[in-house]
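Here's the structure, in structure tokens; my notes come after.
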Amino acid sequence: MSPVIAFAPPEPADWQAQQRAARLTTAALLDHVGLTPADFSAGVVDDPDFPVSVPPHFLAQIRPGDAQDPLLLQVLARGEELLPQPGRLTDPLEEADYRAAPGVLRKYRSRALLIASGACAIHCRYCFRRHYDYGAAMLTRSGEAEALAVIAGDPAIEEVILSGGDPLSLSDARLAALVTAIAAISHVTTLRLHSRTLVAIPDRVTPALLDLIRATRLNVVIVIHSNHERELSPAVSVALGRLRAAGVTLLNQSVLLARVNDDAITLAALSRRLFAAGVLPYYLHLTDPVAGAAHFDVDEARAAAIDAELRGLLPGYLVPRIVREVPGKTAKTPLWALD
Ligand code: SF4
């Protein structure tokens, strides 16, 4: 292991500047955390199609000199990504089959999902959309009318989900315009945002974002995507508190990731920290068979053992439901119902 270096990355005050500062080469990331490629059994790689992206705040939570750091392992492009991975797919959830219009996915009857942005502040190496063709399948300004017409034309749609990419990578002005247009559809009652930006750039909770949330008639749910308690820094907790005070329902969705959070003690600590920050654990996803991420897989037997242990450690309301997304199913499949 390399010697530990003193490390204090600058955090520009402006969240968009932090988002721009996130793009790093793999070598620069290793330099920041005082490690070398030799610290990783399969080395490290650069993938121009899915480059390393780590905002300064998230970078500051990584322990320098620790090649096993669970935050680092989520964002470092390791050599395993390029090893042969039979059976792995570029569209593991067959999402192309659910496109109702460009940028609109209809998987479930009462919900419509908008791919609101192709950008993310942080690039998570396990991402199931890491090969997603955002250019062809993202909501664009020119396609927005068609997308909203799909929602307006189906009274069964009660909830609109903004996903991506990360919808909080959009500017406040763009987000406000989109939310206003959705709120104008009378049968939509709930707006849900799925975002990992909040743990990467807590400054994303701007006064303008809070004003937008307070002003809309929609119930606003934000699902933060946190996988480890150390992602919930004091600054993140403050940002989440502001969202709660603005009336947002906060939930968390994690992914069960090898060497990151695949033990009950780590997950119990995450649940407790989430609850202290006003966030309820919701789902714990088994990984999808996406190409380049097999090294994050945790098998179902291990997941079941973790689930049993978690139930002994936590009250039921803090135990996330372990699920897998199975293409073609009308809902997520709980662990106990998997074949
Ligand atoms: S923030 Fe979400 S969509 Fe973006 S890379 Fe990470 S997991 Fe994927």
Side-chain angles (χ1 to χ4, degrees), residues 1-85 88 90 117-132 134 164-166 169 196-197 199-204 225-228 230-231 233 235-236 255 257-261 287 290-297:
M1 187 178 288
S2 308
V4 174
I5 56 168
F7 172 60
E11 283 184 37
D14 168 7
W15 72 267
Q16 286 170 309
Q18 292 180 46
Q19 192 162 265
R20 288 192 294 275
R23 196 56 61 83
L24 299 170
T25 61
T26 301
L29 173 57
L30 288 181
D31 274 353
H32 276 306
V33 297
L35 295 166
T36 72
D39 291 315
F40 300 88
S41 56
V44 296
V45 294
D46 270 300
D47 178 353
D49 294 328
F50 191 52
V52 166
S53 187
V54 193
H57 182 82
F58 194 93
L59 202 47
Q61 313 313 312
I62 296 173
R63 273 191 301 253
D66 182 359
Q68 303 303 318
D69 183 273
L71 275 58
L72 176 66
L73 294 180
Q74 295 178 65
V75 295
L76 177 68
R78 286 176 277 158
E80 286 91 338
E81 293 190 17
L82 297 185
L83 297 177
Q85 299 183 346
R88 309 297 289 198
T90 53
S117 168
C120 298
I122 183 167
H123 284 179
C124 316
R125 306 314 301 180
Y126 53 84
C127 179
F128 77 93
R129 288 201 183 120
R130 55 179 292 165
H131 306 285
Y132 199 78
Y134 288 107
D166 195 313
S169 66
R196 190 155 156 75
T197 296
V199 299
I201 309 180
D203 287 338
R204 178 64 190 89
H225 287 226
S226 178
N227 297 316
H228 195 281
R230 284 197 13 245
E231 296 171 7
S233 68
V236 171
V255 184
L257 300 166
R259 296 168 62 192
V260 171
N261 61 8
T287 47
V290 66
H295 50 302
F296 287 107
D297 286 357

[X] side chain to [Y] main-chain N or O, any donor-acceptor pair under 3.5 Å?
X	Y	result
Asp39	Ala67	no
Gln18	Ala200	no
His57	Pro202	no
Arg63	Asp69	no
Arg129	Gly164	yes
Ser169	Cys120	no
Arg23	Ser53	no
Gln74	Cys124	no

To the nearest 0.5 Å, what is the distance between [atom1] ([X]) and [atom2] ([Y])?
X	Y	atom1	atom2	value
Arg125	Leu73	CZ	CG	12.5 Å
Glu80	Ser41	CD	OG	5.0 Å
Trp15	Thr197	CH2	OG1	7.5 Å

What are the two closest non-hydrogen atoms of [X] and [Y], and how far apart are they?
X	Y	answer
Ala22	Ala121	CB-O, 3.5 Å
Leu59	Val54	N-CG1, 3.9 Å
Val199	Ser226	CG1-CB, 4.1 Å

(message) Looking at Tyr126, I'd like to know if the NZ or CZ of Arg259 sits under 6.0 Å from its six-membered ring centre while staying within 45 degrees of the ring's axis.
(response) no

(request) Starting from the C-alpha separation in whole Å, work towards a yes-or-no answer on side chain to side chain contact (heavy atoms under 4.5 Å, CB included) for Asp66 and Val33. (result) CA-CA 8 Å; Asp66 182 359; Val33 297; over 6 Å; no

(message) Measuring only between side-chain heavy atoms, which start at C-beta, is Leu29 closer than 4.5 Å to Leu72?
(response) yes

(message) With a 4.5 Å cut-off on side-chain heavy atoms, are Arg196 and Asn227 touching?
(response) yes

(message) Consider side chain to side chain contact (heavy atoms under 4.5 Å, CB included). Of Val44, Val45, Thr26, which one does Pro37 pass it with?
(response) Val44

(request) Applying side chain to side chain contact (heavy atoms under 4.5 Å, CB included) between Phe296 and each of Val290, Leu257, Val255, report the one that passes. (result) Leu257

(request) Using ring pair (Phe, Tyr, Trp, His ring centres under 6.0 Å) as the criterion, list what pairs up with His123, not counting sequence neighbours. (result) Phe50

(message) Side chains of Ser233 and Gln61: any donor to acceptor distance under 3.5 Å?
(response) no

(message) Does Leu71 form a side chain to side chain contact (heavy atoms under 4.5 Å, CB included) with Glu231? I'd like the steps, not just the answer.
(response) CA-CA 7 Å; Leu71 275 58; Glu231 296 171 7; 4.0 Å; yes

(message) Walk me through whether Arg20 and Asp14 qualify under side chain to side chain contact (heavy atoms under 4.5 Å, CB included).
(response) CA-CA 10 Å; Arg20 288 192 294 275; Asp14 168 7; 4.3 Å; yes

(message) Show, in sequence, the C-alpha distance, side-chain angles and deciding distance for Asp297 and Arg88, and conclude whether the salt bridge (Lys or Arg N to Asp or Glu O under 4.0 Å) test is met.
(response) CA-CA 12 Å; Asp297 286 357; Arg88 309 297 289 198; 2.7 Å; yes

